[in-house]
Structure formats: C-alpha cells, structure tokens
Participant: 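Before anything else, here's the structure in question.
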Amino acid sequence: MTNDPAALPLWHAIVLAAPTLAALVAVACIARARTLRQAWRMAGGGAAVMVAAAIAALALHAGRYGAGQAASTLLRSDPAGVAMLLLVGVVGWVVIRYSRAYLAGEAHLRSYLTRLLLTLAAVTMVTTTNHLVVLAVAWTATSLALHGLLTFYAERPEAIAAAPKKFLFARGADLCMAGAVLASIVTFDTLRIDELMGRAAEAGWPVGGRVIVALVAVAVLLKCAQLPFHGWLIQVMEAPTPVSALLHAGVVNLGGFVLLRFAPLVDHAPETRTLLVGVGAATATIAALVMSTRISVKVALAWSTTAQLGFMIMQAGLGLWAMVLLHLLGHSLYKAHAFLSAAGVVEQIGHKQLAPAAPRPTAAAVLTGTALCLAGTVAAAAVWSRLPFAGDPSPERWVLSGIVALAVVPLVLPGGLRSVAAAPAAAAAAVAVPLAYLGLHDLFDPLVPHGTAPAAAHLLAVAIAFGLLHIVHWQRVLAPNGRLATRLYPWLYGGLFLDEALTRRLFAWWPPAAPAVRPALLPSARPTAQRPASGAVPARTLEPSGVVPIADRSFA
C-alpha cells in the first residue's frame, strides 16, 4: 500500500462525504416529520442512501486507486476506510429496520432515531477523515450520541449505573486525543494524518511521534473496553438489543480502525507496541475464560466482544495490520448477527437441552485433537509457502496460526476422533482453517500498511498466554469439579472483580443518578420497586460485572 496519497478530486470527496450528509439530512427530516411512521420512513431512507453512497465510494476507489489511497485536507479514500464505510452503512440500515418492529410501542422513538442516525454520521466521519481534529471530534461525537441510546431505558438501575463509567472513560480518551492533536502541532506542524506519517518518517520517527501514538493507544484502550475498563460494556446490556448490535458491530471496535490509521507510527514505537500486546493478550485470555462462566446470552456476547477486541489490539501490537482489518470486518458482521438473533439463541439452547447430552471428551481425545490441529497448521503453512503467489510465513504469523489451531480443537473433537470414518473430516478441518487464515492474510495484506516485525519477547508472551488459556479451559471442561476449576470459578464468574474495585472508586467520586420513573404503557399488578435515594448506588451494581439476578436477565 502506497504511503504517498494522490490528491482527492472534489467529486470523489463529495461521494465520500455523502453517507455522513445522508444521515444528517435524515435527522433534519425526522425532526420535521408529522407522524412517527414518516419518521421511520425518513430514517430507513437515510440509511439506504448511506449504503448506496458507500457502495459508490467503494467502487470508485477500486476503479481509480485499487490498493492505493487518495487524500485531501479533510477526507481520505483508502481500502480500509471505504470498506468500513460500507460496513457501517449496512449495519446501520439493518439495525433501523430491526428496531421498527422491536421497539414498536416504546416512548421517545423520535429521540431514538435521531441519536441512532447521529451515531452513524459520526462513525462514518471517523472512517473517512484525514484530519486529526475532525477524527478526534467525530470520535467524541460518536460517544455522546451513543450515550443516550445506552440509557434508553432510563428506569433500569443497571443502565444508569453503567453510564457514568462509560462517560468518564470516554472523556479520558478524549483528553488523550486532544493531547495527540497538540503534540502533532508542536512536533510536526500539521494536522493531516497522511502528512503526519510522512513527516514522522522523514524525521526518523522522533520522540514526539511516539508520544502521539502512545496517547492514541491509551485512548483506544479506554474506548475499546480493555481490562480493567471493561465493566461498562458488560453492564450496558440493559440497552435495547438493536443498540447493543450497533455498539458491538460498529462503535466499540472503532479503536482498531484508529490504530490502523496510525499504523506506521505504531510500528516505530516499541513501548506502545508492548502496551498493546500486553493489555490485548491479557484481555483476550481473561475475558475468554470469564465468558465461559456466563449464563445470559447477551452478557456472554459482551464478554466475547471484550475478548475479541483484546485479540485485535494484540494483533496491532504485533504489526499484523492485514489481520486487524480482517478481524475488524469479520467481528462486526458476526456480532451484529449474534445480537439481532439473540432471542433465537434461547430457542436453540432449549432444543439442545432436550437432545441427548454429548459425552464429555477425554484427556486423551483433547491431547490428540491438539496435536492434530498443530500438525494441520504446520502442513497448511508448508502447502501455502509452496504456492507461487505466497511467501514463507513470518514468525508472528506462525504464532497466530498456532493460536488459530488451538481454537480449532473444539471443532475437531465432536465425533471427529471417535471413528475411523470421521477422522478424515477432522484432519481436513485441522488443515483447512489455518490454510484459510493464511490465505486471508495474504489477500488483505496489499490493502494495509506493512508492519515491522515484533520483538521476540512479544511473540513468546503471546504464545505462553494462549497456551495457558488452552490448558486452563480444557482443565475446567475435563474436571469441572476438580481443585483448579472450583478455585478459579468464583474469580472468573466475578471477572477477577477488577470492575468492582474500579466502580467503587468512581462512584465514591461521582455517584450515579437515580433511575427515572417511566409510566407503564399497561397497568401492572406487580408492586412498584422503591426508588433509591438521590445519589445512592443501586445494590446490584456492586455485583460481579454483568451478573444480575436470574429473574432480571434478558436474552433478547
């Protein structure tokens, strides 16, 4: 991918800005709509125009620049940006269509649509801008517009308790971005992101550039719900399911895209890479273990998002920018589908509970499956390296391929190692998944900057972390009542109680507001819960992250 962007023509800039403008025009039309039905039509029409404009921007870029890029002072067109632009438009259009039926009969729907479209407009601005100030302001606007959506049910204590934490972390990230803007002006006398990268390279990647990227990295960790700043993401499951889908599919993972924008600076800042690898690997492994203890479908999905974001940030620290982009796009589509189909998951679980229970794998089967998948990865790398258009896998790709191999083990075990007839299919899966991983890496590699090799210590730490994750996970599966499992379970169920410690300190400084009393649409025979005193901390917010009484758990 070229580092010298061409000038962006005016007509191409207009196409790039069209999705943002369509969302803002839809907001204005919703405010003037006479009926709620017209407001829904305006919102759907605006989202449809966003998708059409994003497709046009993608087609124009592919036809004019291919894997290159073009930029002006305010806007930028490159493969990663236009791909994200299309992703946000499609997810927004699906969420609006889903919301019309899901939220039928709710109050404040005009405000919901307005905030939803403002969020989409801000996200599209982040993906297309080439100006550091616009990027910082748009990222802040995304958080502020989303804040009202996350507290849509203002009478729910969990939602209100989570909002101050998210607000404080987001404002801390905004301060970091403001510091990055100031450092860019002082060090390089420019606010254009493409010029910033060029001048930093010409100056030999000075300390000022490393300060900029360190501040950006801290902002990403705060906004991407990395440990120990993850609690708000788990607790905002009290928001409507369409909001959760938008949050997990196109907003909380924006940090990965921002890191991709600053990839050349990240590659030449070893301390920032250490921070990203350490925090990302720790978050990915711990959140994956915590997720396995959850009962609520939506809460498990939230922990899954935290783990996936940690893995993506770890890849950024390793310089695997092609996999960052692939992970960003794939995870967004998966999470949008997972949240919007959450209600159906309950039915699927019910069917599984009625079916005969599958026998628990034995230790020998797990060891055999692990060996098979690791051997399959080696075979896949050997096959791929002999293809004329592929090169030898680098050390970091070997490590990531090994992690992929460990992730394939659960797919190989069910039936794959119990009969001679099923063994070929298991062996094929052990080779096909790593082969697809390597192929996708090479496919996306021309679309993003080429990262520099990570330190050997980073690779060793990542290998150890995910090796321990594999061992602990299967130890809990094979011996759920064993000493290790019984000792770890309370800590994992409580998310190591990291969020609780942080929450107590934050609430001591800034207590959450009391939940609002919203009139019921239908009379209820149930007694009304006593409203807590102003400034009081709801008791349930001090429970382990995302854990609420069984009667209050929502699966849809």
Participant: Check for a donor-acceptor pair, side chain of Y98 on one end and backbone N or O of L340 on the other, with a separation under 3.5 Å.
Facilitator: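 A pair under 3.5 Å: yes.
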Participant: With sequence neighbours excluded, what pairs up with L468 under the side-chain contact (heavy atoms from CB on, under 4.5 Å) test?
Facilitator: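 Result, side-chain contact (heavy atoms from CB on, under 4.5 Å) vs L468: I464.
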Participant: H147: what forms a ring-ring contact (aromatic ring centres under 6.0 Å, His included) with it, not counting sequence neighbours?
Facilitator: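 By the ring-ring contact (aromatic ring centres under 6.0 Å, His included) rule, H147 matches F167.
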Participant: When you compare the side chains of Q308 and K335, does any donor N or O come within less than 3.5 Å of an acceptor on the partner?
Facilitator: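 On atom types as modelled, these side chains do not qualify, holding no pair under 3.5 Å.
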Participant: With a 3.5 Å cut-off and sequence neighbours excluded, list the donor-acceptor pairs that the side chains of residues 314-322 form with protein atoms.
Facilitator:
| from | atom 1 | to | atom 2 | distance (Å) |
| --- | --- | --- | --- | --- |
| W321 | NE1 | D267 | OD1 | 3.1 |
| W321 | NE1 | D267 | OD2 | 3.3 |

Participant: Report yes if some heavy atom in the side chain of I185 is under 4.5 Å from a heavy atom in the side chain of L191; otherwise report no.
Facilitator: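 Side-chain contact under 4.5 Å: yes.
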Participant: Assess the side chains of D194 and Q69: does a donor N or O sit below 3.5 Å from an acceptor N or O?
Facilitator: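 Short answer, no.
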Participant: For residues 248-258, which side-chain donor-acceptor pairs fall under 3.5 Å, sequence neighbours excluded?
Facilitator:
| from | atom 1 | to | atom 2 | distance (Å) |
| --- | --- | --- | --- | --- |
| H248 | ND1 | T305 | OG1 | 2.6 |
| N253 | ND2 | A249 | O | 3.4 |
| N253 | ND2 | S332 | OG | 2.7 |

Participant: Sequence neighbours left out, what pairs pass side chain to side chain donor-acceptor pair (under 3.5 Å) with at least one residue falling in residues 201-221?
Facilitator: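 Matches after skipping sequence neighbours: W205-H268, R210-E271.
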Participant: I'd like a table of donor-acceptor pairs (distance under 3.5 Å, sequence neighbours excluded) in which one partner is a side-chain atom from residues 171-183, with atom names and distances.
Facilitator:
| from | atom 1 | to | atom 2 | distance (Å) |
| --- | --- | --- | --- | --- |
| R171 | NE | D174 | OD2 | 2.7 |
| R171 | NH2 | S143 | OG | 3.3 |
| R171 | NH2 | D174 | OD2 | 2.7 |
| D174 | OD1 | T140 | OG1 | 2.9 |
| D174 | OD1 | K223 | NZ | 3.1 |
| D174 | OD2 | T140 | OG1 | 3.4 |

Participant: Which residue pairs satisfy the ring-ring contact (aromatic ring centres under 6.0 Å, His included) criterion with at least one member in residues 54-88, sequence neighbours excluded?
Facilitator: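 For residues 54-88, and leaving out neighbouring residues, the ring-ring contact (aromatic ring centres under 6.0 Å, His included) pairs sorted by first residue read H12-Y65, H61-Y65.
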Participant: Among residues at least two apart in sequence or on other chains, which ones pass salt bridge (Lys or Arg N to Asp or Glu O under 4.0 Å) with R273?
Facilitator: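 Not a single residue meets the salt bridge (Lys or Arg N to Asp or Glu O under 4.0 Å) criterion with R273.
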Participant: How long is the gap from CG on L144 to OG1 on T119, to the nearest 0.5 Å?
Facilitator: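 Going from the CG atom of L144 to the OG1 atom of T119 covers 9.5 Å.
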Participant: For A300, what residues pass the side-chain contact (heavy atoms from CB on, under 4.5 Å) criterion, not counting sequence neighbours?
Facilitator: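 Checked A300 against side-chain contact (heavy atoms from CB on, under 4.5 Å); matches are M291, R294.
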Participant: Report the residues that fulfil salt bridge (Lys or Arg N to Asp or Glu O under 4.0 Å) with E195, sequence neighbours left out, ordered by chain and then residue number.
Facilitator: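 Partners of E195 by the salt bridge (Lys or Arg N to Asp or Glu O under 4.0 Å) criterion, ordered by chain and then number, come out as R192, R199.
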Participant: Once you round to the nearest 0.5 Å, how far does CG of L168 lie from CZ of F229?
Facilitator: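 The CZ atom of F229 is 11.5 Å from CG of L168, to the nearest 0.5 Å.
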Participant: Quiz question: by atom type and distance under 3.5 Å, do the side chains of T283 and H230 form a donor-acceptor pair?
Facilitator: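 No, because no side-chain N or O of T283 sits under 3.5 Å from a partner of the opposite role on H230.
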Participant: For residues 66-92, which residue pairs pass the ring-ring contact (aromatic ring centres under 6.0 Å, His included) check, not counting sequence neighbours?
Facilitator: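 Matches after skipping sequence neighbours: none remain.
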Participant: Considering residues, nucleotides and ligands other than W93, do more than 12 of their heavy atoms fall under 6.0 Å from its CH2?
Facilitator: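 It does not: W93 CH2 has 12 such atoms or fewer within range.
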Participant: For A18, check side-chain contact (heavy atoms from CB on, under 4.5 Å) against everything at least two apart and list the hits.
Facilitator: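 Checked A18 against side-chain contact (heavy atoms from CB on, under 4.5 Å); matches are A53.
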